[in-house]
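What's counted below: heavy atoms across the whole structure, side chains too, no hydrogens, waters or symmetry copies.
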Amino acid sequence: MKAGRPLCGVKLRNQGSSTSADVITPTRGSKMAAAMDWLPWSLLLLSLTCESSAFYVPGVAPINFHQNDPVEIKAVKLTSSRTQLPYEYYSLPFCQPSKITYKAENLGEVLRGDRIVNTPFQVLMNSEKKCEVLCGQSNKPVTLTVEQSRLVAERITEDYYVHLIADNLPVATRLELYSNRDSDDKKKEKDVQFEHGYRLGFMDVNKIYLHNHLSFILYYHREDMEEDQEHTYRVVRFEVIPQSIRLEDLKADEKSSCTLPESTNSSPQEIDPNKENQLYFTYSVHWEESDIKWASRWDTYLTMSDVQIHWFSIINSVVVVFFLSGILSMIIIRTLRKDIANYNKEDDIEDTMEESGWKLVHGDVFRPPQYPMILSSLLGSGIQLFCMILIVIFVAMLGMLSPSSRGALMTTACFLFMFMGVFGGFSAGRLYRTLKGHRWKKGAFCTATLYPGVVFGICFVLNCFIWGKHSSGAVPFPTMVALLCMWFGISLPLVYLGYYFGFRKQPYDNPVRTNQIPRQIPEQRWYMNRFVGILMAGILPFGAMFIELFFIFSAIWENQFYYLFGFLFLVFIILVVSCSQISIVMVYFQLCAEDYRWWWRNFLVSGGSAFYVLVYAIFYFVNKLDIVEFIPSLLYFGYTALMVLSFWLLTGTIGFYAAYMFVRKIYAAVKID
């Protein structure tokens, strides 16, 4: 398939797997002319269908190359796990083409800090290049000023990586690790791994060296063609071997060609930050044929060497869920049935009411809590988050949000959160009416602005610090205005719409009436303390997902690819089940202690695993990351605070609705005089 082929009826192949699916689009047929009443709608449907396939999602449509066709090398950004601040490629004094062209980016790419731009590398399909000078002449190398040298040296000491792409495939550095260190050389087994991007340079004995020569190794797959047709090629892997070669060891001629020295005789290119430095930027290109098909070319980047640990995580999570299910079965089948059976015996009612306590609070268990508007607003945002996360993980599991579609995951998440406002508003409105609320307009505004306002406020403050560092990770002002327009133009009206219909709908039917005079709550034991409840309720759901959390943190903070959404979907389902179960257990014990103030407590306690996520984030920061500066630390803990808040809303909402259903069920099962 050639790039630029006509629109409708295109056959798409997803890179994430080797399966393909035909997308069948409507055609202008006799049916359209048969009924003139349907003509405008049919034309509209046809135009929308063709428009939707008028562009190829990046990485989905394969590009065929002929011999000596240009393969464009583009730069994405510079990243470092030590500073967490991405920078544009040309923020450093690299060689520039005659005209710099930035690629139009989607919302996710902008938020990630990607700034995709063309480079002066001249790469032709299946055409070798031994060594070529990138910019400068044989008698006039590139001169870095003192300021530029200081900046390059600073980026190298901060352990920055350079990220390039060829045919939308990111560059990787091959690492060969030997597993059997103590055995003979012949018995050593090589474990090949790939590092994303390549190191800008390295340090040795307090000296700083720059990788100024790049050896590109590109792999192509030859497509099967008929005899009379010219062979076409597809790029299936993009590797680089960065080298540091000092100016004196590189021999360049007038045609911009150069000769690489033997590795034993060459010295690296040192960068002295206190003076001007002269050097050549050079590169070489080597092509190799590969059996890897185009549909499987991302497997190199996405293949995990430790898949077994994910299965261990799943088994561990299932064991936790079975453990919780056992506790629940014991409570519900034995204790609850016994309680209900005894409560429903009219002759022995007084004795049983003294023995057990949850029926004693039947006249107060559905008493509306304090601040019902804030509670319903937070739960509405939790429903919004739940719907968004569920759909994103499910769609990603099906392979529709491949990393080849750069920024698609974040773009999809942002738009889905906006559109899920209608469900969040509906659930918040109905709950608010159930809690005897009357000011539905104020409640809808609170639902639409409380959680998003906190997120926007924290992100804006962090963005100001990133702006001060001139990082590409800073969200541009037009993008920020666009996000505000999405918030107030899409999310807010949808929340109001859902809230209106939810508030008008019949409130949840509580099985017992609420007494006019509140019952006195007896003194509670120490283990019924709210913080103790958070510690007890959070440990099991966190234990069910902490292994997967490590890989998510690695993807976010160490610039790794995360694509095990099948595992993540299973872990998410297990998390939902375990949160629901632990919430039911906690609310049962609370009601047995004759404490009917369960609304807020259950919401807080059910999100207890967020506390453990915070503790794990601090542990990860101390033990896994090498961050020492103030602004990177501020960014880490700022974004971690947002993650913990969102996770608390998510798990708290899941637990609250599970407990609410449980409470309504058990009080509906007993006879109340």
Side-chain angles (χ1 to χ4, degrees), residues 106-108 110-111 371-392 395 407-464 474-505 507-508 603 607 638-639 641-654 656-657:
N106 59 41
L107 179 63
V110 174
L111 296 178
Y371 314 114
M373 184 184 293
I374 297 176
L375 178 63
S376 59
S377 299
L378 291 173
L379 289 166
S381 296
I383 291 290
Q384 211 171 335
L385 271 174
F386 176 80
C387 295
M388 181 266 286
I389 292 171
L390 180 66
I391 296 173
V392 165
V395 170
L409 185 70
M410 197 170 291
T411 305
T412 306
C414 288
F415 277 97
L416 269 176
F417 183 79
M418 301 293 174
F419 287 109
M420 292 300 109
V422 67
F423 297 105
F426 182 85
S427 59
R430 190 175 184 194
L431 182 65
Y432 183 57
R433 186 175 181 188
T434 305
L435 299 179
K436 306 294 190 292
H438 302 290
R439 298 174 293 175
W440 75 269
K441 293 179 182 177
K442 188 176 179 181
F445 183 78
C446 187
T447 305
T449 56
L450 185 59
Y451 169 69
V454 172
V455 173
F456 185 82
I458 294 176
C459 288
F460 182 77
V461 172
L462 295 178
N463 206 53
C464 291
V475 179
F477 184 73
T479 306
M480 196 166 287
V481 172
L483 286 171
L484 280 172
C485 291
M486 287 170 60
W487 179 12
F488 289 105
I490 299 175
S491 183
L492 186 73
L494 286 176
V495 169
Y496 262 91
L497 181 69
Y499 209 97
Y500 173 74
F501 284 104
F503 192 77
R504 287 190 60 188
K505 191 172 176 62
Y508 293 111
F603 181 49
Y639 289 129
L642 287 181
M643 290 170 57
V644 169
L645 173 65
S646 303
F647 193 73
W648 168 64
L649 274 182
L650 174 70
T651 51
T653 302
I654 293 167
F656 175 86
Y657 276 101

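- The environment of OH in Y500 is sparse: at most 12 heavy-atom neighbours from other residues, nucleotides or ligands sit within 6.0 Å.
- T434 places no side-chain N or O within donor-acceptor distance of the main-chain N or O of P507, the cut-off being under 3.5 Å.
- Rounding to the nearest 0.5 Å places CG of L107 at 6.0 Å from CE of M486.
- Atom CZ of F456 sits in a crowded spot, with more than 12 heavy atoms from other residues, nucleotides or ligands closer than 6.0 Å.
- Ring pair Y657/Y508 is perpendicular by interplanar angle, where above 60° counts as perpendicular and below 30° as parallel.
- Minimum heavy-atom separation, L649 to S381: CD1-CB, 4.2 Å.
- Here the closest non-hydrogen pair linking A448 and L492 is CB-CD1, 3.1 Å.
- Note: W648 and F603 have tilted aromatic rings, judged against thresholds of 30 and 60 degrees for the angle between ring planes.
- In terms of heavy atoms, L642 sits closest to C459 at CD1-SG, 3.5 Å.
- With contacts defined as side-chain heavy-atom distances shorter than 4.5 Å, the pair S376/Y499 qualifies.
- Side-chain contact annotation: S377 with Y451, donor-acceptor N/O pair under 3.5 Å absent.
- Around the CZ atom of F423, the shell of radius 6.0 Å holds no more than 12 heavy atoms that belong to other residues, nucleotides or ligands.
- No option in V392, V110, L111 other than L111 meets the side-chain contact (heavy atoms from CB on, under 4.5 Å) test with M410.
- Side-chain atoms of L385 and T653, non-hydrogen and from C-beta on, never get closer than 4.5 Å to each other.
- The shortest non-hydrogen separation linking K505 to R433 is O-NH1, 3.2 Å.
- For W487 (side chain) and T449 (main-chain N/O), no donor-acceptor pair under 3.5 Å exists by modelled atom type.
- Closest heavy-atom contact between N463 and M480: ND2-CE, 3.2 Å.
- Formation of a donor-acceptor pair under 3.5 Å by the Q384 side chain with backbone atoms of F417 is found in this model.
- The CG atom of L650 sits 12.0 Å away from the CE atom of M643 when rounded to the nearest 0.5 Å.
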Audit row: V395, T412, side chain to side chain contact (heavy atoms under 4.5 Å, CB included) steps and yes/no:
CA-CA 10 Å; V395 170; T412 306; 5.8 Å; no
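- Within the model, atoms NZ of K442 and CE of M373 stand 5.0 Å from one another, a figure rounded to the nearest 0.5 Å.
- Counting only distance, with no hydrogens or angles, the side chain of Y496 and the backbone of K441 share a donor-acceptor pair below 3.5 Å.
- For CZ of F460, the number of neighbouring non-hydrogen atoms (other residues, nucleotides, ligands) closer than 6.0 Å is 12 at most.
- The two atoms that bring I383 and S427 nearest to each other are CG1-OG, 3.5 Å, heavy atoms only.
- Between L379 and L431, the closest side-chain pair of non-hydrogen atoms falls below 4.5 Å.
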